[in-house]
Amino acid sequence: MNDVPMVQAERVSKRFGHVEVLKGLDLEVARREVLCVIGPSGSGKSTFLRCVNHLEQIDSGRLWVDGELVGYRQKGDRIYELKESEIAAQRRDIGMVFQRFNLFPHMTATQNVMEAPCRVKGLSRRESERQAREQLERVGLAHKADNYPVQLSGGQQQRVAIARALAMEPKLMLFDEPTSALDPELVGEVLDVMKQLALDGMTMIVVTHEMGFAREVGDTLVFMDDGAVVESGPPTEVIAHPQHERTQSFLSKVL
Amino acid sequence: MTVQPRTALPQPEEIKAVPVRHPGRWVATGCVAVALAMFVNMLLTNPAFQWEFMVNNMFTPPVLTGVRTSLLLTVLAMVIGVGLGVVFAVMRLSPSPIVAGAAWAYTWFFRAVPRIVLAILFGNLGILYATFSVGFPFDQQLLGLLGFPDADARIFGVDARTIGAGFIAGLLALALSEAAYMAEIVRAGITSIDPGQTEAAQALGMSRLLTLRRIVLPQAMRVIVPPTGNETIAMLKDTALVAFVPVTNELFFQLQAIGNRTFQVFPMLVAACIWYLAMTSVLMVVQHFVERRFSRGVAGAGGAG
């Protein structure tokens, strides 16, 4: 295996109009690493996650995934924007799970999961359906394979969403507050699936408020505030002995 | 709080209350019933209806041809209208201001001009051009600049009278005007879809076109289909307007022609009502089933149970 980091961000900045959401963010995620990102709302953690698969375009700095610039190509000193099809190809290898699930409501669970492998990767219907059922079994939902999203609980929907992302066999998974929209008693089933995924060696960036998950599953915990990384380190360290005053004040509110 | 000992409660008996009276409802029912009876009585006793004459004349071969023409016009105009409508709707959402502006201008023009005016206008397009030809834009001007004053680069052409002659002119008038309305309907459908759907599709590596075709449009259909059904019904009625192009083998023109020829105008107008009623009723049934098909996956809809 090569030792290029899976994700590398160098002084990444992003503005929405006049509001600077990311202010020179530096970050590195190694292969097979689980990075948990915490921070107050508006700190730019979701925006950063969306930059990693180019749902948002960065304004300055450099952002690499697996050694490739995200959304751009560099030739000498010049930077070229990637074509839409090239961006789509980059996204194919990056799975993303959203806070509000974003399942396709007009498709059954199986159809949700098989859509991209079938239409994007070009697998046959039979093969993609077989794989979809496998992925649903992996997240414990084999018995809900033919249900529409409205017929599933929030936790089940989010597990289908994870299966849908996994079906593309990504090298990196992004989780954008995956349990924040769930009823408390449904959080555990989603975290369990994510934990198993981490044990299987998936590289993950998880924006979360679940400190227990961060402590137990995360390799690194990053505290972001005001568009930059304030503090990072092993989760137990950061949680038990936060160095920075802003980290201390945030942790005292959520713990 | 006190707790009632359960054993002390006898089985409660069913409530036998005196129901509220609704005198107003009874009066309204009576009035409507009387009005209905008067209407039916008029239909049966007024000699001007000429029911027998009407029945004998509303199924003659020219009328049936007219029915076929009207249905064909409806189907073709709606197919072209929906197809172009999707194109214009997507153009309206384009980042290019020229593309979006052109789509806006198209919608503006065709929604502003009444269909009856369009029908007559398209019937007279022959005044504008003697032939319609397909070729390279500005060919005569460019070749003239290069020193070929009379040359052109046309690939094929059609005599304007072929297009202006009735059916095609009428079809174009209806279809192009329909496209403007459909563009608005489709656009409303597309913008009603949660942007999270597009993001999820993009995150999976789906292209913009694939996202539109597989994710956004199928969901937008739920918003698009009901008004499209109404548009189809309206279109069926508006096919009567192509009589002004003029298209002569169309239903209303044929019924009116019989009426004028036999001096029995009124029965034939009633026949027209009956024909259009019958055809739109069929369309309404079709619309019901199509709507049910496209509400799959929506809470409370039949498709998802």
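Just so you know, these numbers use all the heavy atoms, side chains as well, and skip hydrogens, waters and symmetry mates.
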Any Lys/Arg nitrogen of [X] or [Y] sitting under 4.0 Å from an Asp/Glu carboxylate oxygen of the other?
{"X": "R92(B)", "Y": "E184(B)", "result": "yes"}
{"X": "R133(A)", "Y": "D146(A)", "result": "yes"}
{"X": "D200(A)", "Y": "R32(A)", "result": "no"}
{"X": "E178(B)", "Y": "R115(B)", "result": "yes"}

What part of [X] lies closer than 4.5 angstrom to a heavy atom of chain B: side chain, backbone, both or neither?
{"X": "E115(A)", "value": "side chain"}
{"X": "R100(A)", "value": "neither"}
{"X": "L174(A)", "value": "neither"}
{"X": "L55(A)", "value": "side chain"}

Subject >> Winner by heavy-atom pair count (cut-off under 4.5 Å) against chain B, out of L103(A), I87(A), T108(A) >> reply: L103(A)
**OP:** For chain B, find which of M168(A), K121(A), R92(A), R119(A) contributes the most heavy-atom pairs closer than 4.5 angstrom.
**Re:** R119(A)
**OP:** Flag the one option from M206(B), R214(B), Q219(B), E199(B) with the top tally of heavy-atom pairs under 4.5 Å to chain A.
**Re:** R214(B)
Original post:
Contact part of L204(B) toward chain A, heavy-atom cut-off under 4.5 Å: side chain, backbone, both or neither?
Top reply: both
Subject >> F104(A) six-ring face occupied by R164(A) cation (under 6.0 Å, within 45°) >> reply: yes
Subject >> Stepwise salt bridge (charged side-chain N to carboxylate O under 4.0 Å, His left out) test for D66(A) and R31(A) >> reply: CA-CA 9 Å; D66(A) 202 11; R31(A) 277 154 207 286; 2.3 Å; yes
